[in-house]
Amino acid sequence: MIDVRLLRSDPASIKASLARRGLPNLAQQIDQASNFDSRLRDISAQRDTIRSSINDLSKQVGSLRREGKDADSEKAMGESRSLGEKERLLQAEFELVNVQLRDVLLNIPNLPHVDAPNGSGDHDNPVVKGPVGLAEHFLDCQRVPHWQTATELGILDNERATKISGAMFAMQRGLGATLSRALCQFALDQNADVFEEIRPPSLVTTATLTATGHLPKFADEAYAIERDDLWAIPTGEVPLTYLHAGETLEEANLPVRLMAYTPCYRREAGAAGRDTRGMLRSHEFDKVEILAIATPEQSPELLQELVARAESLMIELELPYRIVEICTGDMGASHHRSFDIEVYAPGCDAWLEVSSVSWFSDYQARRADVRFKRAGQKGTEIVHTLNGSALAVPRVWAAILENYRQADGSVRIPDVLHPYMRGATEMRPK
RNA sequence: GGAACGGUGGCAGAGCGGCCUAAUGCACUUGUCUUGAAAACAAGAGGGUUAAUAGCCCCGGGGGUUCAAAUCCCCCCUGUUCCGCCA
């Protein structure tokens, strides 16, 4: 949520900033929010004046009774009663406008960072680093899509996954399954120096999913368990962001760094028929997420840290990668500034997004009501949140199968994963 | 799923529907005293909203009764214990 105080003091700058996203109707939504806000303040001022009178009268009733002045207390009670009716009407109006304001605010996206590049879509995302480690010529044996190699190796069984769960589910077997788990453990271990490992719930409440910005706008993307009013998480970001919801943190304890392996569930509502083969897109996948809760001052440096950590995994895995910055027209609604790490997969001849690192400024934290207190100062401020995939398992899995494929059809396992593979150093057809 | 009892300020823990503007203790801050500290004494101290040091709101959450609710009523969430079921 954007800051209503900024909405009051400088709506023009909000409009100018959001115009960079190139979305229609945003200026009208800002005006609407402004109108609701000023009405709300007007109503609450009137209501509070009346409440003040009622409070006074009630105290008078108490003391008049004690003094035995029954006639006077009856009079005060009557007065208070009629004020109460007015108060009820104003309160009803307040609640109505408050809901309207919130509905508008929840749908207004975050303001992009001044340094975020302008653009209208993903074709405008500038490559800010790399390609790194990209061979000039890939061997023919690397030009095989991972689904073909995986079938030869017997480590991917999407037909049976479909039998079990329907289309767009994946299932790895044998060393393929082990490789998925190895990637998770590797990613967690690489960040365990400063990140606390969390194993959060994968089913969350509506309030939790709203805080990250996935609701109300993107309800179609999430799996709902209606009977229990729960949602399956689309990313570990969701429970981790809400972990400190409603709390006030001490400045001295910031930044808080958390990481989690979680399954991620996505309906892929708009993507039917796209990337149907292999491991590039499915309804359920594994991911290791890293997240930071910070002061505004700490955030720019943390953004770089999170990118560097995601990047270092690709370096360790010796996969060719590049980093792109997300332009204003392609940025997620909650994002303030974002970078993607893409790995090159020679078999598909595609750059695969394996990590997305974002700074949300105070947008999510205001929705989740996470605050911090500066040492020695009164009051509190909204924290900033940042997060990124350390590693999205299926796409890295796919990239390994393509980059590490050898002439005899076997696939080498990256050195850094050997400790997690029960001694296996390669995967061969049976 | 069933039953019983709980949810109050950083913590502990009181609180007959009206001086609750929430007692008391511990912890905290500042001052006095002291070379310094401890102790003692004194004072102070939360958050939200607001232009505001005014007002309003905050005793798990939401409704209701009342002139007035931490206190009474209803619903929900949550904790502990016991029973049932279960990995």
Side-chain angles (χ1 to χ4, degrees), chain A residues 1-11 33-102 104-105 199-211 225-231 239 242-254 256 263 295 362 365-383:
Chain A
M1 235 162 8
I2 57 167
D3 188 353
V4 280
R5 273 172 277 204
L6 185 61
L7 183 68
R8 277 169 215 149
S9 62
D10 195 1
S34 290
N35 288 337
F36 285 139
D37 177 59
S38 57
R39 273 185 64 197
L40 201 62
R41 290 206 292 160
D42 185 46
I43 294 163
S44 63
Q46 291 181 48
R47 179 201 60 191
D48 290 350
T49 307
I50 292 178
R51 280 187 181 172
S52 179
S53 308
I54 292 174
N55 287 342
D56 284 345
L57 286 166
S58 295
K59 278 179 194 162
Q60 287 176 32
V61 171
S63 51
L64 288 170
R65 281 230 174 140
R66 249 171 278 131
E67 293 163 25
K69 298 178 178 168
D70 287 349
D72 289 344
S73 80
E74 283 296 334
K75 195 180 156 216
M77 280 165 65
E79 225 176 295
S80 185
R81 226 188 314 253
S82 69
L83 284 174
E85 279 164 36
K86 284 186 199 161
E87 195 265 356
R88 249 186 291 276
L89 289 175
L90 285 166
Q91 178 61 16
E93 201 181 343
F94 176 89
E95 278 163 22
L96 183 74
V97 177
N98 197 25
V99 167
Q100 289 173 320
L101 173 63
R102 191 176 160 79
V104 177
L105 284 177
R199 193 14 281 233
S202 311
L203 301 181
V204 299
T205 63
T206 298
T208 301
L209 198 61
T210 303
I225 298 158
E226 287 183 33
R227 187 165 72 167
D228 296 295
D229 194 23
L230 290 169
W231 303 79
Y242 212 68
L243 195 137
H244 287 296
E247 298 180 22
T248 301
L249 308 172
E250 295 293 333
E251 184 184 17
N253 294 331
L254 299 178
V256 171
T295 67
D362 59 4
R366 180 169 293 108
R367 286 167 168 241
D369 189 27
V370 186
R371 298 165 173 274
F372 76 100
K373 189 176 179 60
R374 291 193 192 271
Q377 286 189 28
K378 287 203 109 188
T380 57
E381 284 177 55
I382 307 287
V383 299

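Below, chain A is the first sequence line, B the second, and so on; all start at residue 1. Any value given below was found using the heavy atoms of this structure, including those in side chains, with hydrogens, waters and symmetry copies removed.
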If you measure from the [atom1] atom in [N] to the same atom in [M], how many Å do you get, rounded?
N	M	atom1	answer
A4(B)	C75(B)	P	13 Å
G15(B)	A52(B)	C1'	33 Å
U49(B)	U34(B)	C1'	45 Å
G9(B)	C26(B)	C1'	13 Å

| Between Arg5(A) and Arg81(A), which has a closest nucleotide on RNA chain B that is more 5'? | Arg5(A)

| field | Nearest-nucleotide 5' precedence on RNA chain B, Arg371(A) against Ser63(A) | value | Ser63(A)

| message | Under a 3.5 Å distance rule, please check whether Ser44(A) uses its side chain to pair with a backbone N or O of Leu40(A) as donor and acceptor. | response | yes

| task | Would you sort out whether Val4(A) and Leu105(A) count as a side chain to side chain contact (heavy atoms under 4.5 Å, CB included), showing the intermediate values? | result | CA-CA 9 Å; Val4(A) 280; Leu105(A) 284 177; 3.7 Å; yes

Send over the distance from [X] [atom1] to [N] [atom2], rounded to a whole Å.
X	N	atom1	atom2	result
Ile50(A)	C67(B)	CD1	P	16 Å
Arg88(A)	U65(B)	CZ	P	7 Å
Lys378(A)	U50(B)	NZ	P	17 Å
Lys59(A)	G18(B)	NZ	C1'	10 Å

| field | Side-chain heavy-atom pair Thr380(A), Phe372(A) within 4.5 angstrom cut-off | value | no

| task | Could you check if a side-chain atom of Lys373(A) sits within less than 4.5 angstrom of a side-chain atom of Leu249(A), using non-hydrogen atoms only? | result | no

Contact class for [X] (heavy atom, under 4.0 Å): base, sugar-phosphate, or nothing?
X	value
Arg65(A)	base
Gly84(A)	nothing
Lys75(A)	nothing
Ser58(A)	base

Can you tell me the pairing partner of [N] across any strand shown, Watson-Crick or G-U wobble, with both distances under 3.5 angstrom?
N	value
G46(B)	C58(B)
C85(B)	none
C19(B)	none
G79(B)	C5(B)

| message | With a 4.0 Å cut-off on N to O distance, would you call Arg367(A) and Asp369(A) a salt bridge? | response | no

Which atoms of nucleotides 52-57 of chain B (N or O only) lie under 3.5 Å from a protein N or O atom, and what are those distances?
from   : atom 1 : to       : atom 2 : distance (Å)
G55(B) : O3'    : Ser52(A) : OG     : 3.3
G55(B) : N2     : Asp48(A) : OD2    : 3.0
C56(B) : OP1    : Asn55(A) : ND2    : 3.1
C56(B) : O2'    : Asp48(A) : OD1    : 3.0
C56(B) : O2'    : Arg51(A) : NH1    : 3.4

| query | Which pair of heavy atoms, one from Val61(A) and one from Ser73(A), lies closest together, and at what distance? | reply | CG2-O, 4.0 Å

| task | Determine, step by step, whether Gln91(A) and Arg51(A) satisfy the side chain to side chain contact (heavy atoms under 4.5 Å, CB included) criterion, reporting the C-alpha distance in whole Å, the side-chain angles of both residues, the deciding distance to 0.1 Å, and the verdict. | result | CA-CA 10 Å; Gln91(A) 178 61 16; Arg51(A) 280 187 181 172; 3.3 Å; yes

